[in-house]
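Before any comments, here is the structure.
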Amino acid sequence: MIQQMYPAANHSYIYELNKDMQFAAAHYIPADEAGRCRKLHGHTYFANITIAGDTLDSAGFLVNFSKLKQLIHDRFDHSVLNEDAESFSSDDSNRFPTTEVVARTICEIVQRYLDGMGNGARCLQVYLRETPTSYCIYRPKAVSAHE
Ligand SMILES: Nc1nc2c(c(=O)[nH]1)N=C([C@H](O)[C@H](O)COP(=O)(O)OP(=O)(O)OP(=O)(O)O)CN2
Ligand SMILES: [Zn+2]
């Protein structure tokens, strides 16, 4: 069982849902500054995704936990992130598969799905751990007075 405490996202929504998941993926960072990380290598990424909102759907869900796993785990598990041209690129540093960019990408994928649900749910935080000593927290800019 994954159990960990995370920094809290600040908000005034009435529901906050958190989904933990892991996925194994390979990547390389195509920049000289990355040193040995320029070479292809792998991680077991750990992600915590925070969603908040005021309105539940017809199933009583803010968003289905299993849908979140499907969107992220099923897409990236046992993949080479650099080969996912929809999300990452070797030509644009804002799209290199760094911890920062992968965390932002997870948030964007989840938010696109939430936007289609129509209940106003928001992905407020993605905590992404790449190694035992390195992690990133991505929080998108607020779009409502709740955030
Ligand atoms: N700001 C960032 N810096 C680095 C990233 C990154 O995504 N964002 N990535 C890497 C490497 O890809 C590497 O996987 C992680 O590096 P690091 O934490 O240095 O890994 P170690 O296991 O060697 O850490 P130690 O604490 O020294 O054991 C590099 N930098
Ligand atoms: Zn790495």
- So NZ of Lys19 and OG1 of Thr50: to nearest 0.5 Å the spacing works out to 13.0 Å

- Is the backbone N or O of Ile14 less than 3.5 Å from a side-chain atom of Asp54, with the two atoms forming a donor-acceptor pair by type? yes

- Item | Qualifying residues under side chain to side chain donor-acceptor pair (under 3.5 Å), relative to Glu83, sequence neighbours excluded | none

- Task: Give the cluster check for Phe61 versus Leu17: same hydrophobic cluster or not, with ILVMFWY residues linked at side-chain heavy-atom distances below 4.5 Å.
- Result: no

- Can you sort out the partners of His41 under ring-ring contact (aromatic ring centres under 6.0 Å, His included), two or more places apart, ordered by chain and number? His27, His43

- Note on the structure: Smallest heavy-atom separation, His73 atom then Gln22 atom, equals CD2-O, 2.8 Å

- Here the gap from Thr98 atom OG1 to Leu128 atom CG, rounded to the nearest 0.5 Å, amounts to 9.5 Å

- Query: Within a strict 4.5 Å, meaning less than it, do heavy atoms of the Leu81 and Phe76 side chains meet?
  - Reply: yes

- What residues, two or more places apart in sequence or in another chain, satisfy salt bridge (Lys or Arg N to Asp or Glu O under 4.0 Å) together with Glu108? Arg104

- Query: Which heavy atom of Cys123 sits nearest a heavy atom of Cys107, and at what distance?
  - Reply: SG-SG, 3.4 Å

- Message: So, using salt bridge (Lys or Arg N to Asp or Glu O under 4.0 Å) as the criterion, who are the partners of Glu86 when residues are at least two apart?
- Response: Arg75

- List the atom of Ser87, the atom of Ile109, and the distance in Å for their closest heavy-atom pair. OG-CD1, 4.5 Å

- Query: Can you list the residues that meet the side chain to side chain donor-acceptor pair (under 3.5 Å) rule with Arg139, with sequence neighbours excluded?
  - Reply: Gln125

- Query: Between Asn82 and Ala26, what is the shortest heavy-atom contact and its length?
  - Reply: OD1-O, 4.4 Å

- Item | Those residues that, when tested against Asp74, pass side chain to side chain donor-acceptor pair (under 3.5 Å) (two or more places apart) | none

- Message: Check for me, please, whether Ile29 and Tyr45 land in the same ILVMFWY cluster - side-chain distances under 4.5 Å, paths through other members count.
- Response: no

- Query: Less than 4.5 Å apart, any side-chain heavy atom of Ser79 and any of Asp84?
  - Reply: no

- Item | Partners passing side chain to side chain contact (heavy atoms under 4.5 Å, CB included) against Asp92 (at least two apart in sequence or in another chain) | Ser89, Asn94, Arg95

- Task: Please list, chain by chain and in numerical order, all residues satisfying salt bridge (Lys or Arg N to Asp or Glu O under 4.0 Å) with Glu100, sequence neighbours excluded.
- Result: none

- If you link I, L, V, M, F, W and Y whenever their side-chain heavy atoms are under 4.5 Å apart, who else ends up in the same group as Leu40? Tyr28, Val80

- Query: Residues two or more places apart in sequence or in another chain: which of them pass ring-ring contact (aromatic ring centres under 6.0 Å, His included) with Phe96?
  - Reply: none

- Between Ile51 and Ala121, the two heavy atoms sitting closest are CG2-CB, 4.0 Å

- Note on the structure: The side chain to side chain donor-acceptor pair (under 3.5 Å) partners of Tyr138 (sequence neighbours excluded) come to none

- From Tyr135 atom OH to Thr99 atom OG1, the distance as rounded to the nearest 0.5 Å: 12.0 Å

- Side-chain contact test, heavy atoms from C-beta onward, threshold under 4.5 Å: evaluate it for Val143 versus Lys141 and give yes or no. no

Which atom pairs, one a donor and one an acceptor, fall under 3.5 Å between side chains of residues 64-71 and the rest of the protein, sequence neighbours left out?
| from | atom 1 | to | atom 2 | distance (Å) |
| --- | --- | --- | --- | --- |
| Asn64 | OD1 | Ser66 | N | 3.0 |
| Asn64 | OD1 | Ser66 | OG | 2.8 |

- Would you find more than 12 non-hydrogen atoms of other residues, nucleotides or ligands less than 6.0 Å from Asn119 atom CG? yes

- Closest approach of Ile106 and Ala47, non-hydrogen atoms and distance? CD1-CB, 4.5 Å

- Query: When rounded to the nearest 0.5 angstrom, what distance separates CG in Asn18 from OH in Tyr6?
  - Reply: 7.5 Å

- In terms of hydrophobic clusters joined by side-chain contacts under 4.5 Å, are Tyr15 and Leu124 together? no

- Message: Would a single hydrophobic cluster contain both Tyr127 and Tyr13, if residues Ile, Leu, Val, Met, Phe, Trp and Tyr are joined by side-chain heavy-atom contacts under 4.5 Å?
- Response: no

